[in-house]
Number of protein chains: 2
Amino acid sequence: MGENNLSISEKTCSLKEVLDIIGGKWSMPIIYILSKGKMRFKELERSVEGINTRMLVKELKNMEVNGIITREVFATVPPTVEYTLTSKGEKLLPSIASLHQWGQEFASGM
Amino acid sequence: MGENNLSISEKTCSLKEVLDIIGGKWSMPIIYILSKGKMRFKELERSVEGINTRMLVKELKNMEVNGIITREVFATVPPTVEYTLTSKGEKLLPSIASLHQWGQEFASGM
DNA sequence: CCGAATCCTAAGAGATACTG
DNA sequence: CAGTATCTCTTAGGATTCGG
């Protein structure tokens with residue numbers, strides 16, 4: 001308890017519930033970066049600026065549970081784990097890109 | 001100190017910075033509701049399900065500082081204060097609606 | 001390399017009473 | 001009505017260590 005990630009699997013999913021899933025500090029940045037394609041854990045850790053191991057693990061797990069990403073393990077030495085956006089996850093990209101875009105306009109005075 | 005809201009006014013605005021502004025628990029829900037038009041404080045408090053006075057005040061202040069909403073005071077008795085989305089705020093609506101939409105698909109099995 | 005396990009605290013969030 | 005002012009309390013998030 002205390003550190004559990006919640007998965008919402010049924011019923012309607014309001015905006016608030018969507019935000020419960022991907023409204024955290026790191027979900028959207030991660031999704032955004034994963035839009036460029038499959039990535040390994042360490043790559044992600046380097047790409048998502050400012051994140052630390054714990055947070056990355058947590059968010060990835062959360063997103064996997066919620067069907068936003070896929071986790072593939074390869075029995076190599078050293079181990080390889082790749083994360084990919086599911087089609088459900090990809091469907092979030094327009095929203096996120098749009099938010100990012102808004103940030104750009106925002107910056108340029110407006 | 002400790003309860004200050006930050007305003008990002010210049011330079012580029014990354015996704016992460018956008019989320020610093022509207023990534024909180026209540027911002028997007030409030031914006032979403034304000035999309036229906038001008039609203040008074042009490043109306044908002046009733047409309048944004050689950051929010052309380054303190055949070056609403058905080059978020060509204062934040063959004064005003066960041067140019068997302070406008071606050072208009074009328075010297076009536078009892079006092080009237082109306083909140084409206086600015087055009088900058090309105091530009092967030094597609095993203096938010098899109099997230100909401102995603103939640104709907106998400107709910108229906110996908 | 002991947003990630004689990006700890007430990008810790010700053011901030012977010014909630015409830016409620018009160019004032020102009 | 002539209003907020004302040006307090007007082008708690010939870011938890012998201014951060015730093016770091018350790019193990020397969």
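All chains are named by letter (A, B, ...) in the order of the sequence lines, taking the proteins before the strands, and each is independently numbered beginning at 1. Model, not experiment: these values are computed from the prediction.
- Under the 4.5 Å side-chain criterion, counting only non-hydrogen atoms from C-beta, B:T84 is not in contact with B:L34.
- Atom NZ of A:K38 and atom CD1 of A:I69 lie 12.5 Å apart (nearest 0.5 Å).
- Every residue was checked against the side chain to side chain contact (heavy atoms under 4.5 Å, CB included) condition with A:V77, not counting sequence neighbours, and none meets it.
- The interatomic distance linking A:M39 (CE) with C:dC1 (C1') rounds to 15 Å, in whole Å.
- Partners of A:S98 according to the side chain to side chain contact (heavy atoms under 4.5 Å, CB included) rule, which considers only residues two or more places apart in sequence or in another chain, are B:S95.
- Across the protein-nucleic acid pair, A:D20 atom CG and C:dG12 atom P stand 17 Å apart, rounded to whole Å.
- The CG atom of B:L56 sits 16 Å away from the P atom of C:dG12 (whole-angstrom rounding).
- Residues satisfying the side chain to side chain contact (heavy atoms under 4.5 Å, CB included) criterion with B:E45, sequence neighbours excluded, are B:F41, B:K42, B:T53, B:L56.
- The distance between atom CD1 of B:I51 and atom C1' of C:dA15, rounded to the nearest whole Å, is 14 Å.
- The terminal axes of the helix from C:dC1-D:dG20 to C:dG20-D:dC1, fitted over 5 pairs per end, subtend an angle of 50° to the nearest 10°.
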Grab the N/O contacts between the protein and nucleotides 2-4 of chain D below 3.5 Å, and write none if there aren't any.
residue	atom	partner	partner atom	Å
D:dA2	OP1	B:R40	NE	2.8
D:dA2	OP1	B:R40	NH2	3.2
D:dA2	OP1	B:V81	N	3.4
D:dA2	OP2	B:K42	N	2.7
D:dG3	OP1	B:R71	NE	3.2
D:dG3	OP1	B:R71	NH2	2.2
D:dG3	OP2	B:Y83	OH	2.5

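- For the salt bridge (charged side-chain N to carboxylate O under 4.0 Å, His left out) test, no residue two or more places apart in sequence or in another chain qualifies with B:E43.
- For A:K16 and C:dG12, the NZ to C1' distance is 15 Å, given to the nearest whole Å.
- No side-chain heavy atom of B:R40 sits less than 4.5 Å from a side-chain heavy atom of B:V81.
- From A:L92, atom CG reaches atom CH2 of B:W102 across 4.5 Å, with rounding to the nearest 0.5 Å.
- Atom CE in A:M55 sits roughly 16 Å away from atom P in C:dC8 (whole-Å rounding).
- At least one side-chain nitrogen or oxygen of B:K25 sits closer than 4.0 Å to the OP1 or OP2 atom of C:dG14.
- The nearest whole Å value for the distance from the CG atom in B:N52 to the C1' atom in D:dT8 is 13 Å.
- Separation of atoms CG (B:L93) and NZ (B:K91) is listed at 12.0 Å; rounding is to 0.5 Å.
- The interatomic distance linking A:E64 (CD) with C:dG3 (C1') rounds to 13 Å, in whole Å.
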